[in-house]
Chemist: 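Below: one structure in structure tokens.
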2 protein chains.
Amino acid sequence: MTRMTSPQFCLICGDSADSLHFGALSCRACAAFFRRKVAGRRNIFRRCDRQCKVDTGMRKLCASCRYDKCLKVGMRESAVLSRLAQKNQNYKKPSGSPEECEPSTSTSGSILENLQNAYQKLEEARRKAFNITHDSVPQSSNYKRMNEVFYEDIKLVVENLVSTLQCPDISKEQQKLLHVHFLVPFILLEGGYKSTNSELFYLPSGDYIDETRIAEYYQNPDDLNDKSGEAAAEVFRPYWKLNRQTLKMHLDDVQLDLPELLFVTALVFYDYGLQDQTDDCIEMCKRMRSQILEELTDYEKNVRINDDHSYRVGQIIMVLQAIQRTVNMVHETREISLVYNLYERHSSIFETIKD
Amino acid sequence: MTRMTSPQFCLICGDSADSLHFGALSCRACAAFFRRKVAGRRNIFRRCDRQCKVDTGMRKLCASCRYDKCLKVGMRESAVLSRLAQKNQNYKKPSGSPEECEPSTSTSGSILENLQNAYQKLEEARRKAFNITHDSVPQSSNYKRMNEVFYEDIKLVVENLVSTLQCPDISKEQQKLLHVHFLVPFILLEGGYKSTNSELFYLPSGDYIDETRIAEYYQNPDDLNDKSGEAAAEVFRPYWKLNRQTLKMHLDDVQLDLPELLFVTALVFYDYGLQDQTDDCIEMCKRMRSQILEELTDYEKNVRINDDHSYRVGQIIMVLQAIQRTVNMVHETREISLVYNLYERHSSIFETIKD
DNA sequence: TATTATAGGTCAAAGGTCCA
DNA sequence: CTGGACCTTTGACCTATAAT
């Protein structure tokens, strides 16, 4: 704005001025000095009595006086972008070099890392609960056993996995909504994952159901008193057919690895478009999904050697559609309410965990 | 048309707005920013978690969030360089880097190209059928009119769009299965797409329904003889609430452009996991989906300037889940069978086309 | 033909990175 | 840590063009 023909001088050191920098006419050197000091945010050790003369020759001598003069002639700390960046917690360090490829899995506090830890704990708890040792051989199982397993397993999933999925600033009711909606798709998803490439269906206990011989196992209730057994069997009866048609086919196709399974798990959890979901909860889920997708793409780019990570991400996200279809088919059978009954029996767990 | 005397503000940064730019009210700076980013076709390095607030002070801080916001408030990439493109059909985008990839849209025989042609024909047919001229102004419409529009439109969709979607080596019954399953999600998807960023719901005829005043329009049947009118109104009644909850929210978020809409459309068509779908048909759909996903990733890499195309692809594929949920909710109302009745009336069209 | 709205082009100013 | 070379982005200002 002040474009004068006369030569101008740096208001700090008197050197020939470059242009306006951070709100004051200055040379590039003083501008760079000011930027570094602001960005560095370190205290400037004062070694003088504030009387230093700052000029071209002396400007190196006293940083504190030079900085004072910068402020005095009108430079504003807020004009340094990297200063703003620090106020903005979301700002990442820009990667100058193109070959920069820090795998973001190592980022502490990442969603994946949390989930990996939680899942490890879950598997550990399962080993204990179901007496799985490293040399135990998977056994053919039946529906009664399956019911017992899931009855026990839902407890473990809630304790170890669900409880670690953060829901910042969300009411307990809404959290519970997410929890309730999470369990069925998770059971479907994880079951399909563990049974990838197999004709058998693997339970969380490590045992399996041979789907080709389902009929004989199903007519084998030797304990008629156990109502919950029948209930769960009812719930999971339609599962086989539906699952094979939709979800299992997808999962066998996509061949998820464990981190990918966990990303999909998290996406399933932070679902939105649910009935009775509040706007706040939807916003939170959007934010979380955005973060998860970001981490997933980082994972595909940097950790897996896949060249075409976009394609891979697309394939993985398509699993969500398959899950959605399967869940909806299960819902249509109306027997899903029984699962919620199972959930209700454990709901005290939520109450104690979410204090 | 909306020339208000009150001062207007840039929808991106809140600065005082200049005028419409590339489809959105914005200041000159944001307009220039958007133009440069699109025209430059260089990747925007994302250094944040997508949560940056873009305002006058911060707008310089995060280019990727600023760009996202441009898209979100309605700026269209296609509006940049549109003049040049019109003047010179052979206009090539400036290639910043020598190894600039050839945009795959030009690939002859691609799925996208076929769909773009088909969709253009469909829109052309709609203009003729619904008497849309370049100077016709959208009218508020009602349910009776909506029914007429969809009754007519399904015919046009089948003739112009569905008929061009190839199903190699598939029996007519299976093709019909795909066609029938396609119509509802397509109507939902395209309606949501055309109504992006609007509170109104736009019909294929160009007219709109004002959802806030739905009740008064719904109780307005002046022709009780027209059974199909009532039928379709019944079908689409639950649509409004469900759609707003799930699909519309996604679509407003993702801001698909036309090619992306068409990719999603194709993915919806080549669905698998459908009841009564044969293995052959499933195999075909898998192949087609794979090809579509490939083309979509190419498109995101080469045509759109998005830095992390993986993230974009993931976002887009998530729309499939939202569609799936909405379709299933519509199915649950059981009124969907009426749509199939509408379909049946036109089924002769299939018979003549697929010889 | 003049006007208006919105597109594209240009360039100095400003910020950032890198290295000796 | 410093200074300065060098690069990229920004936004004010200007011109171009299509529709009216």
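Bear in mind the structure is a predicted one, so any value in this text is a computation, not a measurement. Within every chain, numbering begins at 1; the chains are lettered A, B, ... in the order of the sequence lines, protein sequences first and strands thereafter.
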Chemist: Could you give the NE2-to-P distance, from A/His21 to D/dT10, as a whole number of Å?
Modeler: 18 Å
Chemist: Which atom names give the shortest non-hydrogen contact between B/Leu262 and B/Leu115, and what distance separates them?
Modeler: O-CD1, 3.3 Å
Chemist: Could you give the CG-to-P distance, from A/Leu20 to D/dG11, as a whole number of Å?
Modeler: 16 Å
Chemist: Rounded to the nearest Å, what distance is computed from the CZ atom of residue A/Arg36 to the P atom of nucleotide D/dG3?
Modeler: 7 Å
Chemist: Please verify the inter-ring angle class for A/His309 with B/His309; under 30° counts as parallel, over 60° as perpendicular, anything in between as tilted.
Modeler: parallel
Chemist: If you go through the side-chain atoms of B/Arg35, does one of them form a donor-acceptor pair with the base of D/dG11 closer than 3.5 Å?
Modeler: no
Chemist: Regarding B/Glu300 and B/Tyr311, do their side chains bring together a donor and an acceptor under 3.5 Å, going by distance alone?
Modeler: no
Chemist: Give a yes/no on whether any side-chain N or O of B/Arg66 is located under 4.0 angstrom from OP1 or OP2 of D/dG11.
Modeler: yes
Chemist: Could you state the NZ-P distance from B/Lys37 to D/dT10, rounded to the nearest angstrom?
Modeler: 5 Å
Chemist: OH of A/Tyr67 versus P of D/dT2: gap in Å, rounded?
Modeler: 13 Å
Chemist: Round to the nearest Å and state the distance from A/Arg28 atom CZ to C/dA14 atom P.
Modeler: 10 Å
Chemist: Output, in order, the C-alpha distance, side-chain angles, deciding distance and verdict of salt bridge (charged side-chain N to carboxylate O under 4.0 Å, His left out) for B/Glu124 and B/Lys121.
Modeler: CA-CA 5 Å; B/Glu124 187 57 53; B/Lys121 276 197 324 190; over 6 Å; no
Chemist: Roughly how many Å is it from CZ in B/Phe34 to C1' in D/dT9, rounded to a whole number?
Modeler: 17 Å
Chemist: For B/Glu77 and C/dA7, what is the distance between atoms CD and P respectively, to the nearest whole Å?
Modeler: 14 Å
Chemist: For the side chain of B/Phe33, starting at C-beta, report the closest nucleotide among C/dA7, D/dG3, D/dT10.
Modeler: D/dT10
Chemist: Counting only side-chain nitrogens and oxygens, does B/Ser19 get under 4.0 Å of the OP1 or OP2 atom of C/dT6?
Modeler: yes
Chemist: Closest nucleotide of DNA chain C for A/Ala32 versus for B/Gly23: which of these residues is on the 5' side?
Modeler: B/Gly23
